[in-house]
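Beneath this line is the structure, given in structure tokens, with notes to follow.
All residue numbers refer to positions in the sequence shown, counting from 1.
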Amino acid sequence: MGRGDLTRAEWVRLQPHLPSSGQRGGRWNDHRTVINGILFRVRTGIPWRDLPERFGSWKTVYERHRRWSAVGTWDRILTAVQADADLAGRIDWSMVGVDSTSCRAHQHAAGARKKKPRVPKKRTTPRNHRPDEGLGRSRGGLTCKIHLAGEGGCRPMALLVTPGQCGDAPQMIEVLDRIRVPRRQGGRPRTRPDHLSGDKAYSSRRNRRYLRRRRIKHTIPEPKDQRAHRKRRGNKGGRPAGFDSETYKRRNEIERTINRLKNSRAVATRYDKRAYVFHGTVTTAAIRLWLRP
């Protein structure tokens, strides 16, 4: 077993949720070897062609990662692993944080074709595909942004890839709507945390109305300009937003979650041209965090 490969305990947790091999089209290479190759590339950020020979053909490893990203296999595996963790009581629903992080896009991530990517034997567009490929321009060059929600144990619950110039507040509802953890013992999937924390970038009437409608307690500070605008309106400005400074101290959990994700070099810097492939890369790094004790 090489450095960074799946341990025996991690493989036992992951194996039941993998697609069955040996389907029509030939016998697949061993799942464990290929997934170790994918994890090696996600951790180091090297080009696919430079994968060590112990993982087999680099094209086999890349194609499996690309196809699983296109059809949502990585997303389903992440959901299944989260369900196992929830059954074992390893998800901290008491506090879920939302935040975003910017990722520099390498020059290899630019230049994707404008037409939609083709999936073999599929006529539909792959999930999570965006026409703009999730790339934005700034003074520093191409940038990409990852919006995510993380639980109290510093592990990602849901994520969204957007161009780098997208704001945080408009993406909060979509990120929270992606939290969906099935219950192994039956019943509806759990989608609502006990409490939500976010910085002042997420303070908006739309977001607060959404959280109140779903009966989610939240700790989001109110910016000075919004506070002054509310006071100028008098009685029409509404009541001040509640804020607990002690509860807000737990916001560091989502920041630590981002730091753990960005330990993977292919997440900290985007090398993938297609947005759905980069989404699969980030999801793979998130799965690895859930597999660890």
Q) Where is the tightest heavy-atom contact between Arg288 and Leu39, given as atom of each residue plus distance? A) NH1-CD1, 3.4 Å
Q. Does a salt bridge link Glu133 with Lys273, judged by any charged N lying under 4.0 Å from a carboxylate O?
A. no
Q | Closest non-hydrogen atom pair, Pro19 against His31 | A | O-NE2, 2.9 Å
Q | Polar contact flag, side-chain donor to acceptor under 3.5 angstrom, Asp75-His279 | A | yes
Q. Among all residues two or more places apart in sequence or in another chain, which pass the ring-ring contact (aromatic ring centres under 6.0 Å, His included) test with His106?
A. His108, Tyr271
Q | Rounded distance (nearest 0.5 Å) linking atom CZ of Arg192 with atom NZ of Lys217 | A | 10.5 Å
Q | Pairs touching residues 42-62 that satisfy ring pair (Phe, Tyr, Trp, His ring centres under 6.0 Å), sequence neighbours left out | A | Phe40-Phe55, Trp48-Tyr62, Trp48-His65
Q.
Tell me if a side-chain donor or acceptor on Asp244 pairs with a main-chain N or O of Glu246 at a distance below 3.5 Å.
A. yes
Q. Looking just at side-chain N and O atoms, do Thr101 and Lys262 make a donor-acceptor pair shorter than 3.5 Å?
A. yes
Q: Please answer whether the main-chain N or O of Ala88 pairs with a side-chain N or O of Arg184 as donor and acceptor at a distance below 3.5 Å.
A: no
Q | Ion pair Arg41/Asp272, N-O distance below 4.0 Å | A | yes
Q. Quick one: do the Arg292 and Thr7 side chains pair a donor with an acceptor below 3.5 Å?
A. no
Q | Side chains of Thr73 and Arg76, donor plus acceptor under 3.5 Å | A | yes
Q) Do any pairs count as a ring pair (Phe, Tyr, Trp, His ring centres under 6.0 Å) and have a residue in residues 170-193, sequence neighbours left out, and if so which ones? A) none
Q: For residues Met95 and Leu196, report the shortest heavy-atom separation together with the two atoms involved.
A: SD-C, 4.1 Å
Q | Check: Arg43 side chain, Gly4 main-chain N or O, donor-acceptor pair, under 3.5 Å | A | no
Q: Please name the pair of heavy atoms, one in His17 and one in Ala80, separated by the smallest distance, quoted to 0.1 Å.
A: ND1-CB, 3.4 Å
(Q) I'd like to know if the side chain of Asn36 reaches the main chain of Arg32, judged simply by a donor and an acceptor atom lying under 3.5 Å from each other, with no hydrogens or angles considered. (A) yes
(Q) Could you check whether any side-chain N or O of Arg178 sits under 3.5 Å from a backbone N or O of Arg180, counting only pairs where one atom can act as donor and the other as acceptor? (A) no
Q: Look only at the side chain of Gln82 and the backbone of Pro156, and say whether a donor-acceptor pair between them is shorter than 3.5 Å.
A: yes
**Q.** Flag, side chain of Ser264 to backbone of Val267, donor-acceptor distance under 3.5 Å
**A.** no
Q) Under 3.5 Å, is there a donor-acceptor pair between the side chain of Arg183 and the main chain of Arg188? A) yes
(Q) Taking ring pair (Phe, Tyr, Trp, His ring centres under 6.0 Å) as the cut-off, I'd like each qualifying pair that reaches into residues 189-210, sequence neighbours left out, listed once. (A) none
Q: Report the C-alpha distance between Arg251 and Asp199 in whole Å, list the side-chain angles of each, state the deciding distance to 0.1 Å, and finish with yes or no for salt bridge (charged side-chain N to carboxylate O under 4.0 Å, His left out).
A: CA-CA 8 Å; Arg251 202 184 75 84; Asp199 57 23; 3.6 Å; yes
Q | Connected-component partners of Tyr248 among ILVMFWY, side-chain separation under 4.5 Å | A | Phe243
Q: Of all the heavy-atom pairs spanning Leu148 and Val175, show the shortest one and how long it is.
A: C-CG1, 3.9 Å
Q) Ignoring hydrogens and geometry, is there a side-chain-to-backbone donor-acceptor pair from Glu253 to Gly97 under 3.5 Å? A) no
Q: State which residues pass side-chain contact (heavy atoms from CB on, under 4.5 Å) with Lys200; sequence neighbours excluded, sorted by chain then number.
A: Pro221, Pro223
(Q) Please check this pair: side chain of Arg13 against backbone of Leu291, looking for a donor-acceptor N/O pair closer than 3.5 Å. (A) yes
Q | CZ (Arg137) with more than 12 external heavy atoms under 6.0 Å | A | no
Q: Measure the spacing between CD1 of Ile38 and OG of Ser69 and express it to the nearest 0.5 Å.
A: 8.0 Å
Q. Do we see a donor-acceptor contact under 3.5 Å between the side chains of Gln171 and Thr162?
A. no
**Q.** Heavy-atom pair with the smallest gap, counting every atom of Ala83 and Pro182
**A.** CB-O, 3.5 Å
(Q) For Arg209 and Ser204, which I'm curious about, is there any donor-acceptor pair between the side chains at under 3.5 Å? (A) no
